[in-house]
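First the proteins, then the strands, lettered A, B, ... as listed; each starts at 1.
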Amino acid sequence: MPQRQILVTSALPYANGPIHLGHLVEYIQTDIWVRFQKMRGHRTVYVCADDTHGTAIMLSARKHGISEEQWIGQMSQQHQQDFADFHIQFDQYGSTHSSENRELCQQIWAQALAKKLIDSRDVQQLYDPEQSTFLSDRFVKGKCPKCGAPDQAGDNCDKCGHTYSAIELIDPVSTISGSQPEIRSAPHFFFQLEKCREVVEDWIARPGTLQSETANYLRGHFLSDRLRDWDLSRTAPYFGFEIPNQPGHYWYVWFDAPVGYIATTWQWCQSQGENLNDWWRNPAAEIHHFIGKDIVYFHTLFWPAILHTAEYALPTRVHVHGFLTVNGRKMSKRDGTFIRGRKYLEHVQPAYLRYYYATKLGDNQDDLDLNIAEFVEKVNSDLVNKVVNLVSRCAKFGTQTGLSARYPDDEGRFAYAAAQSEVIAAAYDAGELSKAMRLIMELADRANQFVDQAQPWKLAKVPEQVDRLRDVVTITLNLYRQIAIYLAPVLPTLQQQSAQLLGEPLNDWRLAQQPLLNQSIGTYAHFMQRLDIKDVEKMIEETKQENAAAAAADSATTTGGGATTNVDSDAAVLAEPLAAECTIEDFGKVDLRVARILSAEEVPEARKLLKLVVSLGGDQTRQVFAGIKAAYNPADLVGRLVVIVANLKPRQMKFGLSEGMVCAAGSGGAEVFLLSPDSGAVPGQRVH
RNA sequence: GGGCCGGUAGCUCAGUUGGUUAGAGCAGGGGACUCAUAAUCCCUUGGUCGCGGGUUCGAGUCCUGCCCGGCCUACCA
């Protein structure tokens, strides 16, 4: 098999919110595909980056009172931690706000200008005078100019379906400030896509470039007509790259975002001593984009046109997937189904989601439903009861006997699974992950059937049968080993555990062709635990509560203009009057940090204390005794974020050393309320 | 409004260019076994293939109308 050279990207997550289970459909799918290609021995590079520009990010930074750079910096850190914890392994993770990206954008822009593809003309737009910003359609509401329906966004009416321009809205209101926007005119720069029609049409017609539904969609919706010009610019204030020689004008985020794919590849090349042109201007190298169906047209119309303009290679294939629904419905904050990756990890291991998604993903754009009951059943019945069970039921014998020196007659079972190698590989390669999973589970069924027939538990009772027992173990573990290899792209942790037990790395697809022999077997400890639906339900319940709390807090801040009456009693502040004034320097002496509770346990001899171990990120942990026993159940605390006084002088207590203090409000006893940061905060961040 | 996609057993899905009594996994029912994480193995009950027309010797598969769901519809990210 000739070695392929494959560059793979996932869509760039927008640096304006945490990674949720919907995002993960894509990253997990891509990561599985990449791991598979690497196991097949192909030279594969997987790059991704945070998408950091645009009005929304500018506004978020403003709202939190920090610079855009600070905002996207902490977002990026959070995203990368989430990805790593779901075992998504990028070769390079960058940012669109990088010097490499700016330079590439400038080069591409210069070529577009030189080829006379950029046109400039005035555009009328709504402007928020209070916030001093132009308003994109999503930040304005008004009455539909056609049917008069209230509260419609700036592009189309969801009541009558009429599409219009934001300046046509009746009584428009800025959703940022609540003020009445004015109409202002400003020049914008347009990319003349129609001039690239032939390039795009040829590219779409290349076999393998697109799934048929994507090609149909493009032909039916765009290419049947004149391709409209694409507005590539935005007017200040905007967070992004300023256009050279055009002060006050910025590239629209969708211009510089996909260029981030190249920029991040470039960063990787620099770190590896590779040449960028070997990946982006090399006809022998493949380029694969994985994206969701909502951003198809950016990747399949503008992007190939831009690439062609700048004389880069066009993508080999754009893999488009559908959206995630939960229990058959759109993810919703109110239902608690808008689940953050971090929240998932507090309750369930990443391997289960990776496997479940794999069983449901094909090479199509159908939405994928995360059905909670099915999720639990599938994980338990496939992974625990079938696959891991194979090891679980014979490892004990294997530890006693080791593996035979010669592979025994197994009536063609190993050979069958070895022959399935290419069928399974073809399914992986085509993105038919659900088919690959089905084929692999069939192998697990066959192996379990073998064990039932061979009855090793009976052989183990007869000392003279030890040779036969060793043979049965050899067959079973080799059949299991093939399965572990085939599942390795999906379940890297299982791959490692299996490798350790078998004393051999399972990092190459071809290993499934030859049995492992003459090997001693380590001691087995459960590779996976059965999943309890209660854990999943708890995850949803907590998400629901957090979202409700966040929504309440949000509405409290946005309606804080005096219209709402404050009904809180003054009892608390009277009970504990304010302390004497302190200076900012005084406050600075107290180092408050966000921390995650790693473990919580009762201190039996203590009346009020719980012993907590909290993490400040990395391997920095603190042991803290907190007087919250009456108010909190230890099991409920594990995983949650709290605020601690991190530089408090350690204090030796009867039960051990306390290295900090957990912040809480309340009068004491059962009336104790731990402080939690809003979602987005990560352990180690200082509270200012 | 327009475009694309989907609608197959209780659930999640396979069904290649139309061809014999429509398949799998899970769930349900019965039995076996006891090595294994209430795991495993054997047998088994479930379907007017969204609805109505049409083409054909023959339609889940092709055409057409309708119903339901998802996405897109361009200075939205």
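- Toward the 5' end of RNA chain B, the nearer of the two residues R393(A) and S381(A), judged by each one's closest nucleotide, is S381(A).
- Pair assignment for rC57(B): rG19(B), on the basis of Watson-Crick or G-U wobble contacts that are both within less than 3.5 Å.
- A perpendicular orientation is assigned to the rings of W230(A) and F191(A), their planes being inclined by more than 60° (bins at 30° and 60°).
- The side chain of W254(A) lies closest to rA77(B), out of rA27(B), rA77(B), rC75(B).
- rC13(B) and rU73(B) have their P atoms separated by 25 Å, given to the nearest Å.
- Under the side chain to side chain contact (heavy atoms under 4.5 Å, CB included) test applied with L361(A), the options V25(A), I28(A), I32(A) reduce to a single match, V25(A).
- Mapping L218(A) and R228(A) onto RNA chain B via the closest heavy atom, the residue that lands nearer the 5' end is L218(A).
- What separates CD of E442(A) from P of rU40(B) is a distance of 16 Å, to the nearest Å.
- Q192(A) meets the side chain to side chain donor-acceptor pair (under 3.5 Å) test with K195(A); sequence neighbours excluded.
- Taking atom P in both rG19(B) and rC35(B), the straight-line distance is 49 Å, to the nearest Å.
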Might you list the N or O atoms of the protein lying below 3.5 Å from N or O atoms in nucleotides 11-15 of chain B, with each pair's distance?
from: rU12(B); atom 1: O4'; to: E374(A); atom 2: OE2; distance (Å): 3.1
from: rU12(B); atom 1: O3'; to: K360(A); atom 2: NZ; distance (Å): 3.1
from: rU12(B); atom 1: O2'; to: K360(A); atom 2: NZ; distance (Å): 3.1
from: rU12(B); atom 1: O2'; to: E374(A); atom 2: OE2; distance (Å): 3.4

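- Separating the C1' atom of rA24(B) from that of rA32(B) is a span of 24 Å, rounded to the nearest Å.
- Nucleic acid contact for M528(A): base, since at least one base atom lies under 4.0 Å from a heavy atom of the residue.
- Taking atom C1' on both rG18(B) and rA59(B), the two are 6 Å apart, rounded to the nearest angstrom.
- For the P atoms, the distance linking rG25(B) with rU45(B) amounts to 13 Å, nearest Å.
- Listed by first and then second residue, the salt bridge (charged side-chain N to carboxylate O under 4.0 Å, His left out) pairs that reach into residues 448-464 of chain A are R393(A)-D452(A), sequence neighbours excluded.
- Here the P atom of nucleotide rA36(B) and the CG atom of L383(A) are 21 Å apart, to the nearest Å.
- Looking at R184(A), R234(A), E182(A), H188(A) one by one, the single match for side-chain hydrogen bond (donor to acceptor under 3.5 Å, both in side chains) with Q125(A) turns out to be H188(A).
- Candidate nucleotides rU37(B), rA74(B), rU40(B) were compared by shortest atom distance to the side chain of Q529(A), and rU37(B) ranks first.
- For rA14(B) and rA22(B), the C1' atoms lie 11 Å apart once the distance is rounded to whole Å.
- The OH atom of Y217(A) sits 12 Å away from the C1' atom of rG2(B) (whole-angstrom rounding).
- A sub-4.0 Å separation between OP1 or OP2 of rC75(B) and a side-chain N or O of H188(A) is absent.
- Side-chain proximity of W457(A) to rA39(B), rA27(B), rU34(B): nearest is rU34(B).
- Ring-plane geometry between Y261(A) and H299(A) is classed as tilted, the angle between the planes lying from 30 to 60 degrees on a 0 to 90 degree scale.
- Taking atom NZ of residue K461(A) and atom C1' of nucleotide rC35(B), one finds them 8 Å apart after rounding to whole Å.
- Considering only side-chain N and O atoms, Y252(A) lies under 4.0 angstrom from the phosphate OP1 or OP2 of rA77(B).
- Of all nucleotides listed (rC41(B), rC71(B), rU37(B)), rC71(B) comes nearest to the side chain of D294(A).
- Glycosidic conformation, rG46(B): syn, with the torsion inside 90° of 0.
- The side chain of N216(A) approaches rC4(B) more closely than any other nucleotide in the set rA74(B), rC4(B), rU40(B).
- Within the 4.5 Å cutoff, no side-chain heavy atoms of T493(A) are placed close to those of F527(A).
- Backbone-only contact: R234(A) has heavy atoms under 4.0 Å from sugar-phosphate atoms and none from a base.
- Here the nucleotide nearest the side chain of E213(A), chosen from rC5(B), rC72(B), rC26(B), is rC5(B).
- Across all strands shown, rU37(B) has no partner, as no Watson-Crick or G-U wobble contact with both distances under 3.5 Å is found.
- Between K386(A) and rG25(B), a side-chain N or O to OP1/OP2 separation shorter than 4.0 Å is absent.
- H97(A) and F241(A) have parallel rings, their planes meeting at less than 30° on a 0 to 90° scale where 60° marks the start of perpendicular.
- Using Watson-Crick or G-U wobble geometry with both donor-acceptor distances under 3.5 Å, rG47(B) finds no partner in any strand shown.
- For Q420(A), the side-chain contact (heavy atoms from CB on, under 4.5 Å) criterion is met by Y416(A), V423(A), I424(A), L439(A), E442(A), L443(A), not counting sequence neighbours.
- Looking at the side chain of K458(A), the nearest of the listed nucleotides rU34(B), rU37(B), rC26(B) is rU34(B).
- Separating the OG1 atom in T401(A) from the NZ atom in K396(A) is a distance of 12.5 Å, to the nearest 0.5 Å.
- Pairing of rC4(B), defined by two Watson-Crick or G-U wobble distances under 3.5 Å, is identified with rG70(B).
- Here, rG6(B) and rU40(B) have their P atoms 35 Å apart, quoted to the whole Å.
- Residue N380(A) is out of contact with every strand shown, counting any heavy-atom pair closer than 4.0 Å.
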Could you run down the sub-3.5 Å N/O contacts of the protein with nucleotides 62-64 of chain B?
none

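- Checked against rC26(B), rA39(B), rU40(B), the side chain of R530(A) finds its nearest nucleotide in rA39(B).
- We find that CG of D445(A) is positioned 12 Å from P of rC43(B), with the value rounded to whole Å.
- One C1' atom belongs to rG47(B), the other to rU12(B), and the distance between them is 15 Å to the nearest Å.
- For the atom pair NE2 of H79(A) and CD of Q74(A), the computed distance is 10.5 Å after rounding to the nearest 0.5 Å.
- F298(A) comes within 4.0 angstrom of a nucleotide base, judged by non-hydrogen atoms across all strands.
- Nucleotide rU64(B) forms a Watson-Crick or G-U wobble pair with rG52(B), both donor-acceptor distances falling under 3.5 Å.
- The SG atom of C196(A) sits 5.0 Å away from atom CG of L117(A), with the distance rounded to the nearest 0.5 Å.
- Among the atoms of the strands shown, none is found under 4.0 Å from any heavy atom of K435(A).
- Nucleic acid contact class of V296(A) (heavy atoms, under 4.0 Å, all strands): none.
- Look at Q449(A) and you'll find a side-chain N or O under 4.0 angstrom from OP1 or OP2 of rC42(B).
- Among the protein residues, F323(A) comes within range of the sugar-phosphate backbone only, with heavy atoms under 4.0 Å from sugar or phosphate atoms but none that close to a base.
- Distances shorter than 4.0 Å separate none of the side-chain N or O atoms of N385(A) from OP1 or OP2 on rU37(B).
- Partners of R317(A) under the salt bridge (Lys or Arg N to Asp or Glu O under 4.0 Å) rule, at least two apart in sequence or in another chain, are D363(A).
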